[in-house]
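Structure record follows, encoded as structure tokens.
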Amino acid sequence: SLDLFSQAAIAQEAMEQGAGLFQPKANRPMRAFKFVWGVAATLLAVLYTAVLAPIAALGAAVGRPGAVAVLGRLWSRLIIRTAGIKVEFDGLEQIEELPSFVLVSNHQSMFDVLAILASIPAEARFVAKQELRKIPFIGFILSHSGHVLIDRTRGGPSIRRALQSVRHGYAIIVFAE
């Protein structure tokens with residue numbers, strides 16, 4: 001907890017830098033534009049998901065995990081580009097020529113999944129907690145397209161499925177959390 005003097009100093013610094021409600025009038029049009037673009041990007045992301053998720057679910061239902069992977073990459077790239085996000089992926093050149101690999105990443109936000117799907121050169125399968133099966137469409141797609149859903153109380157069989165995916169040439173993505 002901060003004392004009153006520290007809180008006042010932080011508030012003064014924020015005012016001097018134009019943070020929050022204290023931004024100069026000249027920045028208001030840019031803030032308004034960013035807000036409107038944020039709303040538009042969110043609506044477009046929902047539209048991309050509404051269109052592509054049922055198609056991916058159909059691909060998963062008929063046993064076409066490759067089609068699901070292509071749609072997942074497209075969905076990820078559309079959202080990242082629409083949101084104006086620049087993805088920086090250190091070490092990508094080290095995995096470009098590998099037939100399969102295991103990528104372990106920190107999971108900071110939902111954009112991590114999108115950035116990885118959009119960037120890696122291989123068809124990927126995620127190792128994820130089985131609770132994701134409860135999410136409409138996403139759970140079905142994960143369950144029926146070769147992703148490894150882990151029952152954390154019984155890890156052994158799930159780990160064997162992940163190893164089998166590597167043997168089939170897929171990249172395995174694990175978020176160490």
Side-chain angles (χ1 to χ4, degrees), residues 34 37-152 155-177:
K34 286 181 179 180
W37 183 250
V39 170
T42 300
L43 292 173
L44 285 170
V46 170
L47 176 65
Y48 302 150
T49 304
V51 170
L52 295 175
I55 298 169
L58 180 62
V62 298
R64 301 292 305 256
V68 174
V70 169
L71 290 167
R73 185 180 301 268
L74 173 64
W75 175 70
S76 298
R77 288 180 176 170
L78 285 170
I79 291 174
I80 285 173
R81 288 191 180 138
T82 301
I85 295 170
K86 179 183 176 191
V87 176
E88 294 181 14
F89 200 116
D90 292 330
L92 190 60
E93 68 282 353
Q94 296 177 20
I95 61 173
E96 286 178 340
E97 302 299 321
L98 296 175
S100 63
F101 52 87
V102 176
L103 177 72
V104 179
S105 176
N106 288 333
H107 197 11
Q108 302 286 321
S109 75
M110 185 59 195
F111 281 107
D112 299 336
V113 173
L114 301 175
I116 288 172
L117 278 175
S119 301
I120 64 169
E123 193 172 318
R125 298 295 183 266
F126 285 92
V127 174
K129 58 186 178 182
Q130 75 171 358
E131 290 83 2
L132 293 178
R133 288 179 199 220
K134 297 176 185 175
I135 300 172
F137 285 109
I138 302 298
F140 181 84
I141 293 166
L142 288 172
S143 297
H144 292 84
S145 58
H147 296 277
V148 180
L149 299 173
I150 300 251
D151 178 354
R152 291 184 273 185
S158 300
I159 299 302
R160 284 189 282 282
R161 278 198 317 276
L163 292 172
Q164 186 177 26
S165 293
V166 169
R167 287 186 198 107
H168 282 93
Y170 300 122
I172 299 298
I173 312 301
V174 179
F175 289 110
E177 31 183 69

Rounded to the nearest 0.5 Å, how far does [atom2] of [Y] lie from [atom1] of [X]?
| X | Y | atom1 | atom2 | value |
| --- | --- | --- | --- | --- |
| Ile141 | Leu71 | CD1 | CG | 8.5 Å |
| Lys134 | Lys129 | NZ | NZ | 10.0 Å |
| Ile138 | Ser143 | CD1 | OG | 11.0 Å |
| Leu78 | Leu44 | CG | CG | 9.5 Å |
| Leu58 | Phe137 | CG | CZ | 10.5 Å |
| Ile85 | Arg81 | CD1 | CZ | 12.5 Å |

- Message: Does Ile116 form a side-chain contact (heavy atoms from CB on, under 4.5 Å) with Ser105? I'd like the steps, not just the answer.
- Response: CA-CA 9 Å; Ile116 288 172; Ser105 176; 4.1 Å; yes
- Task: Tell me, with the steps shown, if Val148 and Phe126 meet side-chain contact (heavy atoms from CB on, under 4.5 Å).
- Result: CA-CA 6 Å; Val148 180; Phe126 285 92; over 6 Å; no
Pairwise side-chain contact, [X] with [Y], heavy-atom cut-off 4.5 Å (strictly under):
| X | Y | answer |
| --- | --- | --- |
| Arg133 | Leu149 | yes |
| Ile79 | Trp75 | yes |
| Leu74 | Val70 | no |
| Pro65 | His147 | no |

How close do [X] and [Y] get, heavy atom to heavy atom, and via which atoms?
| X | Y | answer |
| --- | --- | --- |
| Ser100 | Tyr170 | CB-O, 3.3 Å |
| Ser119 | Ala115 | OG-O, 2.7 Å |
| Leu92 | Ile120 | CD1-CA, 4.1 Å |
| Ala122 | Arg73 | O-NH2, 3.1 Å |
| Ala83 | Ala41 | CA-CB, 4.4 Å |
| Gly72 | Leu117 | O-CD1, 4.0 Å |

- Among all residues two or more places apart in sequence or in another chain, which pass the salt bridge (Lys or Arg N to Asp or Glu O under 4.0 Å) test with Glu97?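 Checked Glu97 against salt bridge (Lys or Arg N to Asp or Glu O under 4.0 Å); zero matches.
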- Task: Mark yes when over 12 heavy atoms from residues, nucleotides or ligands other than Arg64 sit less than 6.0 Å from its CZ; otherwise mark no.
- Result: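 No, because the 6.0 Å sphere around CZ of Arg64 holds 12 heavy atoms or fewer from other groups.
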- Over 12 foreign heavy atoms within 6.0 Å of CD, Glu88: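 No - once you tally the heavy atoms of other residues, nucleotides and ligands closer than 6.0 Å, there are 12 at most.
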- Item | Residues Ile173, Val113; criterion side-chain contact (heavy atoms from CB on, under 4.5 Å); working and verdict | CA-CA 9 Å; Ile173 312 301; Val113 173; over 6 Å; no
- Which residues pass the ring pair (Phe, Tyr, Trp, His ring centres under 6.0 Å) test with Phe140, sequence neighbours left out?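 Testing Phe140 for ring pair (Phe, Tyr, Trp, His ring centres under 6.0 Å), a comparison that skips the adjacent residues, returns His144.
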- Take Ile172 and Leu103, measure what side-chain contact (heavy atoms from CB on, under 4.5 Å) needs, and give me the verdict at the end. CA-CA 6 Å; Ile172 299 298; Leu103 177 72; over 6 Å; no
- Query: For Phe175, does its backbone N or O pair with a side-chain atom of His107 as donor and acceptor, under 3.5 Å?
  - Reply: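 Answer holds: no.
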- Message: Quick one: does any side-chain atom of Arg77 pair with a main-chain N or O of Leu114 as donor and acceptor, under 3.5 Å?
- Response: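 No, the answer is negative, given that no donor and acceptor are paired below the 3.5 Å cut-off.
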